[in-house]
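Have a look at the structure below before the remarks.
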Amino acid sequence: MTVPPSQFIPSDREQALTLLVESRRALRALCDSLAASDWQLTRSTGAWTPLDIVEHLVLSERAVLALVRDDLARRPALPPERRTRVRDLAVLLAVTNRDQRFQAAEIVTPRRSFAAPKGALEAFDRDRDATIGYVRRSSDDLRARLFDHPVLGEIDAYQWLLFLGAHTERHTAQLRETIARASLAPQRDRRIEP
Amino acid sequence: MSRPGWQAHDEYTRRTVLAWIAGAGACLVAPVLDAAPGRSRGRVHTGLTGAERDAARTHLADSRDALVSVTAGFTEAQWHYRPDPGTWSAADNLEHVTVVEEQVYGQVTTAVGRLSARAADDRPRVKDHVILLVATNRERRRLQAPEAFRPTGRWGSPEGKLAAFQVARARTLAYVEATSDDLRSRAWDNPVVGLVDGYQWLLFMAGHALRHARQVRDLTRLPAFPERRP
């Protein structure tokens with residue numbers, strides 16, 4: 001619950017790595033438990049299938065890492081008094097709160113570009129590895145640059161990386177709920193996307 | 001998405017390509033709240049806008065109703081039930097919400113005299129609906145209330161606590177209706193969210209009450225929760 005430090009410090013790195021690793025582990029554990037037919041289940045017509053959710057996570061991972069890694073280098077570091085005023089905990093709590101639903105941006109809307117779960121999960125693994133590698137090795141001051149987040153407000157580059165982990169947790173919960181609801185529905189009401 | 005495109009259009013990257021990942025900012029529940037701080041950064045506030053006042057009123061009234069309705073008809077045993085010594089009873093929750101309400105009310109209503117007005121570019125950058133998302137999220141972590149806000153038996157009986165809460169919330173609502181304070185220009189630290197302006201503190205009061213209404217609701221769902229009167 002501490003106020004964000006004005007510089008990127010070792011405990012930041014550890015916190016982000018833990019979140020990125022653990023959120024992937026939870027997602028993979030859930031995905032590994034799914035039957036082949038589960039991957040096309042939806043809660044309602046037009047809602048995302050588990051395969052859509054994983055594709056959304058792949059697209060999100062790529063977009064955020066590109067923002068942080070590439071945009072950061074092109075921006076000057078902000079002085080300490082101009083840095084984030086949002087606590088890290090607030091980012092985590094806001095993103096994992098599923099009281100409100102949000103419309104996904106076009107760029108991260110699933111396009112059904114993966115024919116099978118295996119390909120989507122492998123892509124997610126590769127992209128999450130890239131994020132983890134960046135967090136592990138980066139010498140960038142991730143606290144010194146702010147990027148506007150249309151839902152949260154202005155947060156720093158480090159908080160965008162925390163967002164990625166929390167966002168994975170959010171959609172893992174959504175995936176779990178999708179499967180649970182579809183499993184409870186009478187067979188005639190179960191929706192399977194073509 | 002081509003990499004050269006990202007590098008060539010910084011603003012496009014920032015605003016359009018990365019609109020958000022879990023959403024394009026199209027908050028389906030609180031579009032009015034979504035509009036407040038970011039878009040108002042350039043204009044001079046001399047009080048709450050009609051939309052801000054409406055949103056605060058709605059959230060404060062709804063969260064009051066949630067807390068009152070979840071405890072309606074409670075027996076003495078239900079008011080004081082706690083599954084273990086470390087968990088607050090419904091009466092404890094109500095007392096805590098009221099203590100926080102009184103404390104925050106005092107801070108908000110004195111903010112204009114107490115704090116200097118911040119320049120437009122020196123104000124909180126967190127969006128209003130984030131305050132509610134943070135305050136009502138009970139899944140991730142149980143937060144420890146500071147000593148001064150813990151229940152100690154204030155206001156006697158559960159009925160006394162309920163009456164104190166109703167009085168405190170009515171006073172907050174009356175302030176929201178009538179105030180011309182420039183709450184957007186005053187900001188101070190919230191221990192969970194970070195820097196929050198005076199208006200956002202009002203939203204936090206609403207979210208905080210809703211959080212504890214849910215905490216009480218969860219108590220009622222426990223198998224050992226006392227039966228209601230026949």
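These numbers come from a predicted model, not from an experiment. Per chain, numbering begins at 1; letters A, B, ... match sequence-line order.
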task = Please work out whether the ring planes of Phe74(B) and Phe225(B) are parallel, tilted or perpendicular, with thresholds of 30° and 60°.
result = tilted
query = Does the pair Arg82(B)/Asp92(B) count as a salt bridge with the N-to-O cut at 4.0 Å?
reply = yes
task = Quick one: list whatever passes salt bridge (charged side-chain N to carboxylate O under 4.0 Å, His left out) with Arg128(A), sequence neighbours left out.
result = Glu61(A)
ask   = Given a strict heavy-atom distance threshold of 4.5 Å, which part of Arg82(A) is in contact with chain B: side chain, backbone, both, or neither?
value = both
request  = Go through the structure and list residues passing salt bridge (charged side-chain N to carboxylate O under 4.0 Å, His left out) with Arg150(B), not counting sequence neighbours.
outcome  = Glu147(B)
query = Where does Asn190(B) contact chain A at under 4.5 Å (heavy atoms): side chain, backbone, both or neither?
reply = backbone
inquiry  = For the interface with chain A, which of Val193(B), Ile131(B), Thr136(B) has the highest count of heavy-atom pairs at distances below 4.5 Å?
reply    = Val193(B)
